[in-house]
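Take a look at the structure set out below.
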Amino acid sequence: MSGPNPSLDAEIGQWREFLRRRQAIHAVDIDELEDHLRAQIDGLIETGLDEDEAFLVAVKRIGQLDAVSREFARVHSERLWKQLVIAGDDTASLPKDAAVAFALAVVAALLVKAPMLFGWSFETHEMAYARNAGLFVLPLLAGYFLWKRTAWASLNRLTASFVTGLLVINLYPFADASDTGVLAVLHLPVALWLLVGIAHAGGRWGDVCGRMNFVRFSGELAIYYALIALGGGVLIGFMMMLFQAIGIDAEPFLQNWLLPCGAAGAVLVAAWLVEAKQSVIENMAPVLTRLFTPMFALLLIAFLIALVVTGRGLDMERELLIGFDLLLIVVLGLLLYAISARDPMQSAGWFDIAQITLLLAALAIDLVALSAMLARIGEMGLTPNRVAALGLNFVLLVNLAESARRYLAFQRGQRPFADLERWQTGYLPVYALWAAFVVAVLPLLFGFR
């Protein structure tokens with residue numbers, strides 16, 4: 001083929017979306033089927049068929065989608081939600097990917113405690129633990145996906161990137177509680193998360209579908225992790241009660257072992273749950289976005305009205321800066337997750353209007369925050385926190401503005417929805433690059449203070 005055809009890509013995207021809704025079929029299986037489909041299409045085009053004809057014939061050759069779904073249900077029955085942990089009957093063994101994920105969870109828990117061998121403790125080396133928090137878990141998570149996708153071609157590149165992050169965060173001479181040190185702690189996991197995304201995509205990071213699958217995975221992981229944390233909180237409460245009843249103080253064990261090791265290991269367990277039991281969360285997450293998108297839109301509109309009516313300026317203290325940035329990130333998260341769950345061929349509706357309203361309100365708030373921030377910098381000068389906040393807000397501003405423009409064009413029928421998908425997923429590395437700048441370059445510019 002001479003190059004990617006938007007019309008053909010849209011047809012394949014619709015085919016993927018239909019197939020993805022079959023509960024028994026895993027995302028990796030869909031990737032494999034798409035590879036076969038594209039190979040069939042290329043072969044048929046070489047015989048003289050046009051792209052539309054080749055697509056229809058290739059889909060028919062691969063098989064009816066419902067029949068494929070039933071076949072995957074028969075072969076991969078351990079992936080169904082009703083069989084939560086053990087596949088098959090009571091004598092069946094733990095699935096291989098589950099065994100690997102739980103083994104890596106144990107390794108993550110041990111890595112959290114490994115610094116104790118060098119005399120480090122949570123109390124005396126709190127900042128050192130904070131710097132390495134992401135490095136205890138995220139390289140293992142990336143390794144899990146490399147193993148699961150058999151995408152070992154990325155191993156050397158990802159290993160070098162993780163090692164670079166490890167060296168920068170530990171060898172830079174950050175002063176105790178320095179602004180640049182705190183910023184590096186907050187931004188390093190963001191940069192490392194992109195590396196996890198490359199591993200998760202399994203060689204398909206260059207495709208919109210590969211990046212969108214990672215967006216979907218990230219949202220589902222957050223939901224599963226929150227559910228595990230809630231269950232863990234109940235467990236901890238009962239543990240404290242039971243041991244207190246017999247005069248044993250379980251708090252040291254809780255603080256030194258259960259909480260840090262459990263928090264690290266739960267990431268791997270949640271990732272396995274997302275990979276193995278997708279159908280329930282895939283139905284839950286779109287409902288959550290449809291519920292909270294109008295609510296956040298109303299909140300932001302009410303705030304803008306109050307801002308205009310009262311005539312008050314924004315208080316640009318560090319805590320409020322962080323709060324505003326988190327709010328804008330949540331807005332973009334709602335947008336991204338709604339996009340990932342939407343049929344790109346569906347026509348515009350009321351929910352798209354709610355999304356556009358939310359985007360425009362967030363864009364207005366970002367502009368107000370930026371103007372207040374620039375005024376404060378002009379009055380009091382640059383600090384590491386202000387540079388980091390200013391850069392992030394500019395990154396968010398570009399994303400919000402272009403997303404709003406493309407969404408409005410889709411609403412008017414001027415652009416396909418896939419155009420918005422390409423923009424959003426293609427912009428993800430910008431956040432990782434800015435986070436890497438804050439971790440590696442900003443401390444040098446401000447002398448690590």
Side-chain angles (χ1 to χ4, degrees), residues 111-112 114-116 118-139 160-195 260 263-264 313-330 365-399 429-449:
L111 285 177
V112 170
M116 292 182 61
F118 303 95
W120 291 10
S121 66
F122 292 116
E123 293 79 11
T124 59
H125 294 80
E126 181 180 351
M127 196 61 183
Y129 270 97
R131 290 175 188 172
N132 292 279
L135 291 162
F136 292 137
V137 177
L138 298 184
S161 300
F162 278 115
V163 170
T164 300
L166 174 69
L167 294 176
V168 168
I169 200 67
N170 287 288
L171 295 183
Y172 271 14
F174 293 111
D176 292 339
S178 66
D179 287 341
T180 54
V182 173
L183 288 169
V185 167
L186 295 175
H187 287 78
L188 180 61
V190 178
L192 298 181
W193 192 243
L194 180 71
L195 303 180
L314 293 180
D315 184 2
M316 287 288 101
E317 295 298 328
R318 183 172 71 174
E319 292 75 12
L320 285 174
L321 280 177
I322 294 173
F324 270 98
D325 289 342
L326 287 176
L327 174 63
L328 295 174
I329 290 170
V330 167
I365 288 177
D366 195 13
L367 287 170
V368 171
L370 272 172
S371 62
M373 203 179 304
L374 289 170
R376 189 174 180 85
I377 289 173
E379 177 184 351
M380 304 180 66
L382 290 172
T383 65
N385 287 323
R386 288 172 194 149
V387 171
L390 185 66
L392 177 58
N393 275 270
F394 272 117
V395 170
L396 290 168
L397 179 70
V398 173
N399 198 354
V430 176
Y431 292 100
L433 289 173
W434 174 249
F437 174 86
V438 173
V439 173
V441 179
L442 196 64
L444 297 174
L445 296 178
F446 285 91
F448 303 99
R449 70 175 189 268

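Values reported hereafter were calculated over all heavy atoms of this structure, with side chains retained and with hydrogens, waters and symmetry mates removed.
For the pair N132 (side chain) and A128 (backbone), a donor-acceptor distance under 3.5 Å is present. For the pair R386 (side chain) and M373 (backbone), a donor-acceptor distance under 3.5 Å is absent.
Interatomic distance, L444 CG to T180 OG1, rounded to the nearest 0.5 Å: 9.0 Å. With rounding to the nearest 0.5 angstrom, the CD1 atom of I365 is 12.5 Å from the CG atom of L396. Taking CG of D366 as the start and CG of L397 as the end, the distance is 5.0 Å to the nearest 0.5 Å. Atom-to-atom distance recorded for L328:CG and L392:CG is 8.0 Å, nearest 0.5 angstrom. Atom CG in L194 sits 7.5 Å away from atom CG in L433 (nearest 0.5 Å). Once rounded to the nearest 0.5 Å, the distance linking CG of N385 with CZ of F446 reads 9.5 Å.
Two residues are said to be in side-chain contact when any heavy atoms from C-beta on lie closer than 4.5 Å; I329 and Y431 fail this criterion. Inter-residue side-chain proximity for L135 and L111 is flagged as unmet; no heavy-atom pair is nearer than 4.5 Å. The side-chain heavy atoms of L370 and L390, taken from C-beta on, include a pair separated by under 4.5 Å. Within the 4.5 Å cutoff, no side-chain heavy atoms of M127 are placed close to those of F174.
In terms of heavy-atom proximity, A130 sits nearest to V185 at O-CG1, 3.6 Å. Contact detail for N393 and A369: the closest heavy-atom pair is OD1-CB, 4.4 Å. I169 and A184 get closest at one heavy-atom pair: CD1-CB, 3.6 Å. Closest heavy-atom contact between V168 and A440: CG1-CA, 4.2 Å. Considering all non-hydrogen atoms of both residues, F162 and L138 come closest at CZ-O, 3.9 Å. Annotation for A432 and A191: closest pair O-CB, 3.9 Å, computed over non-hydrogen atoms.
Residues satisfying the side-chain hydrogen bond (donor to acceptor under 3.5 Å, both in side chains) criterion with W434, sequence neighbours excluded, are absent altogether.
Ring orientation note: the planes of F448 and Y172 are nearly perpendicular, at an angle over 60° on the 30°/60° scale.
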